[in-house]
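Heads up, the thing below is written out as structure tokens.
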Amino acid sequence: MRQLSLSLISFYLLTSSQTALASFPEFFGSATTTSSIGNQANQDSEDPANLYYVPALTGWANKIVLSAQSSATSVEVDDITNIVTENSTNGQTGTATETGNANTSYGESYSTAIHAILPLRDKDFGALGLSFFAPIGRLAETNSGNPRLPEYSLYRARYKRTQIHANYALPLNENWALSVGAHMGFQISARVNTQVSLSNNYGSSGSAKTKINPSLGGIFSLAYKNDDSLGYFTFQQEMKSNLEAIATGDISNPPLTLINVGLDNMVYYDPHIFRLGYIKSFERLSLALSAEYQLWENYEPPTITVRNLGGTVKASQNFDSLALRNVFVPKIGLRFSLSDKTSLSGGAFYRQSPFDSDFSGGGNTIDTDVLGLTTGLSHEITIFSKAIEVGGAFQYHHLVEKTVTKTANQEDGSSGQKIGAPGYTIGGRVLMATAGLRIKF
């Protein structure tokens, strides 16, 4: 009976929440023209892909411009085998110790991004910019991951959610422009009630209600340009989307309350981002340099926390020993014009893990630093007097190998082995390919 009630609650939560996530454009770039140069802006004020990195740049746009792209991503991390998967802190018997493998099959995902620049009536009034990111065929795909076994919590469902960015950019003069905008998150509150009868004379029943409120995080950017260079600063505010739920599970005949719990989960998390960039153009070559400083101190692991509000369920025990840190992400990119209509790009970036930990203690969250290499090709064509740029980009992310060795004793300090003991290796690779087009009207 207890397992049945918990299963109903778990099903509801998994259809309402996601693993804690960061954003697709932060990880892979906003479009082919930015993904190919190391996930950073270029100098083109009429490239909607720049809306994510420096929306102020689009304040100088004179035309309506649309861009769209589709991406395929594959996460291939190292196997984690022959580790302790069950001990007295999570075992069904309370005493057994079992060994096995962690699920590291993260598979492929498919996403789309659509951007639009909409200049106002007079170019001196600036422009509106809209960006939309989503997994293909759905608004979101959820996966809270395993609550005890090792999990790359930033990869399990990191890219599989809808995001909307909106900005207004205003040129101050020929050299300076600024923008203000927002990105959207949400806060969920829910209540689930189940009543299950053990008698043939009484039927089982249930009820559920959910309230979803939007929340906004601010975006500000400032850009300076001249004939052959661009400098910019962008700030994107932190966004935390949370789930708070109350779940009950009762037996109606005989009357008995088994479950009355609160469940809390950070659905996804975007850190504060401070971004500085500089781009220099030469005759056929442009060099892009940028650096991001990301504040991760408010991140929480994506596992669901259970609070006992009455009944027979024991509250969650927090064994995660994560140490968080703010991270520095340097980037470099080159774009070479093969002709007036064709260009070849390449880039690289290095992203520190926000987890300053050797993962030897309790908890399931794991991660490692990433070295990313990027490349891409674009070509401009004309159809019905409209300039259309088509292109593609490819990224290889190398997850720096790291060895985890678990310390002695179980998570609660008692004699035995921790989950994940004796240890394992973190590492792997992520591949991303994207294709898209841009149309000027």
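As the structure is a computational prediction, the values presented were derived from the model and not from experiment.
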Side-chain polar contacts of residues 432-441 - donor-acceptor pairs under 3.5 angstrom, sequence neighbours left out - could you list them?
from	atom 1	to	atom 2	distance (Å)
Thr434	OG1	Ser70	O	3.0
Thr434	OG1	Ser71	OG	3.0
Arg438	NH1	Asp44	OD2	2.7
Arg438	NH1	Glu46	O	3.2
Arg438	NH2	Asp44	OD2	3.4
Arg438	NH2	Glu389	OE1	3.3
Arg438	NH2	Glu389	OE2	3.4

Any donor-acceptor pair under 3.5 Å from Glu380 side chain to Lys341 backbone: no
How close do Gly181 and Asn167 get, counting heavy atoms only, and between which atoms? CA-OD1, 3.4 Å
Are any of the side-chain heavy atoms of Phe133 and Ser30 separated by less than 4.5 Å? yes
What do you reckon, are the aromatic ring centroids of His115 and Tyr52 less than 6.0 Å apart? no
Would Thr34 and Asn42 count as a side-chain contact (heavy atoms from CB on, under 4.5 Å) here? Give the steps. CA-CA 7 Å; Thr34 58; Asn42 56 61; 4.2 Å; yes
Has Gln40 got a side-chain atom pairing as donor or acceptor with Ser290's backbone, closer than 3.5 angstrom? yes
Interatomic distance, OH@Tyr152 vs OG1@Thr368, rounded to 0.5 Å, equals 7.5 Å
Tightest non-hydrogen contact, residues Ala61 and Ile117, listed as CB-CG2, 3.7 Å
Taking atom CG as the centre, does Asp340 end up with more than 12 heavy-atom neighbours from other residues, nucleotides or ligands that are less than 6.0 angstrom away? no
Could you walk me through whether Thr407 and Ser360 satisfy the side chain to side chain donor-acceptor pair (under 3.5 Å) test, starting with their C-alpha distance in whole Å, then the side-chain angles of each, then the deciding distance to 0.1 Å, before giving a yes or no? CA-CA 6 Å; Thr407 55; Ser360 62; 5.0 Å; no
Checking Asn39 against Gln395: is there a side-chain donor and acceptor pair closer than 3.5 Å? yes
So do Leu128 and Leu120 actually touch side chain to side chain, heavy atoms under 4.5 Å? yes
To the closest 0.5 Å, what do you measure between CG (Leu154) and CD (Glu151)? 11.0 Å
Proximity of Tyr293 and Phe328 rings by center, below 6.0 Å: no
Working to the nearest 0.5 Å, report the span between OG of Ser286 and CD1 of Ile279. 7.0 Å
Lys331 side chain reached by Leu289 side chain, heavy atoms, under 4.5 Å: no
Walk me through it: do Arg351 and Asp369 pass the test salt bridge (Lys or Arg N to Asp or Glu O under 4.0 Å)? CA-CA 6 Å; Arg351 185 179 61 252; Asp369 295 356; over 6 Å; no
With a 3.5 Å cut-off and no angle check, do the side chains of Gln294 and Asn326 form a donor-acceptor pair? no
Taken to the nearest 0.5 Å, the spacing of Leu285 CG from Lys280 NZ works out to 11.5 Å
For a 4.5 angstrom cut-off between non-hydrogen side-chain atoms, does Val430 reach Leu399? yes
Going by atom types only, do Arg335 and Ser343 share a side-chain donor-acceptor pair under 3.5 Å? yes
Keeping the roles fixed (side chain from Asp270, backbone from Lys240), state whether a donor-acceptor pair exists under 3.5 Å. no
Quick one: does Thr374's side chain have a donor or acceptor within less than 3.5 Å of a partner on Ser36's backbone? yes
Answer yes or no: does atom NZ of Lys63 have more than 12 heavy-atom neighbours from other residues, nucleotides or ligands under 6.0 Å? no
Between the side chains of Asn175 and Asn226, does any donor sit under 3.5 Å from an acceptor? no
Determine whether Thr58 and Pro48 make a side-chain contact, defined as any pair of heavy atoms from C-beta on separated by less than 4.5 Å. no
Indicate yes or no: at least one non-hydrogen side-chain atom of Thr403 is less than 4.5 angstrom from one of Tyr424. no
To the nearest 0.5 Å, what is the distance between OG1 on Thr85 and CD1 on Ile80? 12.5 Å
Is the shortest side-chain heavy-atom distance between Phe233 and Leu178 below 4.5 Å? no
Step by step, would you call Val65 with Asp47 a side-chain contact (heavy atoms from CB on, under 4.5 Å)? CA-CA 7 Å; Val65 189; Asp47 185 352; over 6 Å; no
List the steps, then state whether ring pair (Phe, Tyr, Trp, His ring centres under 6.0 Å) holds for His397 with Tyr155. CA-CA 12 Å; His397 296 199; Tyr155 290 83; 8.4 Å; no
So, the side chain of His272 versus the backbone of Glu238: is there a donor-acceptor pair under 3.5 Å, distance only? yes
Flag the pair Glu76 and Arg429 as a salt bridge only when some basic side-chain nitrogen lies within less than 4.0 angstrom of an acidic carboxylate oxygen. yes
Determine whether Asn298 and Tyr269 make a side-chain contact, defined as any pair of heavy atoms from C-beta on separated by less than 4.5 Å. yes
For the pair Thr73 and Leu431, evaluate side-chain contact (heavy atoms from CB on, under 4.5 Å) and give the outcome as yes or no after the intermediate values. CA-CA 6 Å; Thr73 305; Leu431 305 176; over 6 Å; no
Aromatic ring pairing Tyr224/Trp176, orientation class (parallel under 30°, perpendicular over 60°, tilted between): tilted
About how many Å separate CD of Glu292 and OG1 of Thr234, when rounded to the nearest 0.5 Å? 9.0 Å
Test Gln43 against Lys225 for side-chain contact (heavy atoms from CB on, under 4.5 Å), laying out the working first. CA-CA 9 Å; Gln43 272 182 285; Lys225 72 165 185 170; over 6 Å; no
Does the side chain of Ser179 pick up a donor-acceptor pair with the side chain of Ser221 at under 3.5 Å? yes
Do Tyr53 and Gln236 get their side chains close enough for a donor-acceptor pair, meaning under 3.5 Å? no
Decide ring pair (Phe, Tyr, Trp, His ring centres under 6.0 Å) for Tyr299 and Phe355; before the verdict, give the C-alpha distance in whole Å, the side-chain angles of both, and the deciding distance to 0.1 Å. CA-CA 10 Å; Tyr299 173 83; Phe355 308 142; 5.3 Å; yes
Regarding Asp79 and Asn101, do their side chains bring together a donor and an acceptor under 3.5 Å, going by distance alone? no
